[in-house]
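Single-structure report; data block below.
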Amino acid sequence: MAGRDPEELLPLTPAVFHILLALADGERHGYGVIKEVDARTEGKVRMGPGTLYGSIKRMLEEGMIEESGERPDPELDDERRRYYRLTKFGRRVAVAEAERLSRLVASARAKRLLARA
Amino acid sequence: MRNPVERKSRTLSSRVYAALLAAYPSEFRRVYGREMALVFADRCRDEARRGRASLLVVWREALSDLARTAAREHLERLRQGGGLMKVLRTIALALVAYAFTLLVVAPLYARNVGSMPAFVNSLIDALISTGLLFNFIFLLLTLTRLSEGARAVRAALVVTSLVVAALVALMRSAAGTHAGVGVSIILAQALSLLVWFTAHLWWVLRRKTNVPPAPA
């Protein structure tokens with residue numbers, strides 16, 4: 001996976017990019033990802049279980065994330081949950097997508113569609 | 001905080017959602033079904049604290065998510081296994097066979113029914129009836145993925161033969177026909193089954209031989 005070009009996977013779907021962002025600062029289980037996205041977007045992005053696990057399945061296949069084991073979340077009930085974390089390749093994909101979006105925003109600023117930062 | 005009514009409705013919601021997960025492909029459900037049910041239960045628990053209306057919002061979101069993503073997972077599974085092309089080719093075969101039967105064989109039969117020998121009449125009649133039945137069974141087996149390719153053709157032959165045999169036996173016992181007429185009908189039906197079997201088998205085997213050889 002080390003030799004793969006992250007640009008091949010761009011542009012990412014919003015769900016995949018949100019999951020990458022949620023996992024950027026540590027591993028989480030599925031509901032942990034949903035809560036993080038919910039909090040970060042102030043409830044504007046509400047990911048359903050099908051969208052979440054469909055994206056997770058494709059991200060695992062592409063090597064962007066990996067499972068880091070199964071254990072209970074002390075904040076929730078005693079059910080064991082699968083945790084996920086970013087791979088090095090996944091982090092590179094997230095960086096590449098963030099740079100692509102940043103270039104788009106810069107273009108929008110240049111066209112005076114956005115106020116200058 | 002632990003209202004028993006609220007708890008009951010959450011438990012019921014979780015059970016209904018777990019049952020609805022049957023809409024996903026079995027492989028996807030086997031890997032992610034339990035986690036999805038847990039996520040839904042977590043969301044219900046968190047939203048129920050805000051009141052009943054919030055639970056309705058959870059359901060509205062969950063149903064729209066389920067409809068969209070279950071369809072996508074099925075499509076992806078078909079695409080990955082080359083199954084989508086198989087299904088499309090089977091539908092194409094069914095449409096060609098139905099069009100041929102209804103637009104070519106049936107009008108010819110209707111125009112010349114009086115002037116043709118009895119055996120030809122029986123043969124065309126058999127080609128139409130067994131053709132429609134054979135094709136329908138083949139299509140049903142392939143679309144439900146109970147059987148595919150040459151196996152589906154063989155299964156369609158067995159089922160159609162059994163139905164035809166039962167109908168012929170019923171007709172003979174009901175009408176008390178002479179043995180000669182019965183043999184003519186049976187021969188026509190057998191020939192027609194052979195024609196449809198060969199045509200379907202040629203179709204599915206032709207697809208296999210059309211696959212280009214792997215590079216050396």
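Naming: A, B, ... by sequence-line order, numbering from 1 per chain. Since this is a predicted model, take the numbers as computed values, not measurements.
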Part of B:E35 lying under 4.5 Å from any heavy atom of chain A: both
A:R81 side chain to A:G30 backbone, donor-acceptor under 3.5 Å: no
Partner chain A: residue of B:Y32, B:F28, B:F40, B:Y17 with the largest heavy-atom pair count (under 4.5 Å): B:Y32
When B:R34, B:R43, B:E61 are compared by non-hydrogen pairs under 4.5 Å with chain A, the top option: B:R43
Donor-acceptor pairs under 3.5 angstrom involving side-chain atoms of residues 122-135 of chain B: please list them, not counting sequence neighbours.
residue : atom : partner : partner atom : Å
B:S122  : OG   : B:A118  : O            : 3.0
B:S129  : OG   : B:D125  : O            : 3.1
B:S129  : OG   : B:A126  : O            : 3.4
B:T130  : OG1  : B:A126  : O            : 2.5
B:T130  : OG1  : B:S192  : OG           : 2.3
B:N135  : OD1  : B:H200  : NE2          : 3.1
B:N135  : ND2  : B:A94   : O            : 3.0

Side chain proximity check, A:K35 to B:D46, heavy atoms < 4.5 angstrom: yes
Note, A:Y31 side chain near A:L52 side chain (heavy atom, < 4.5 Å): no
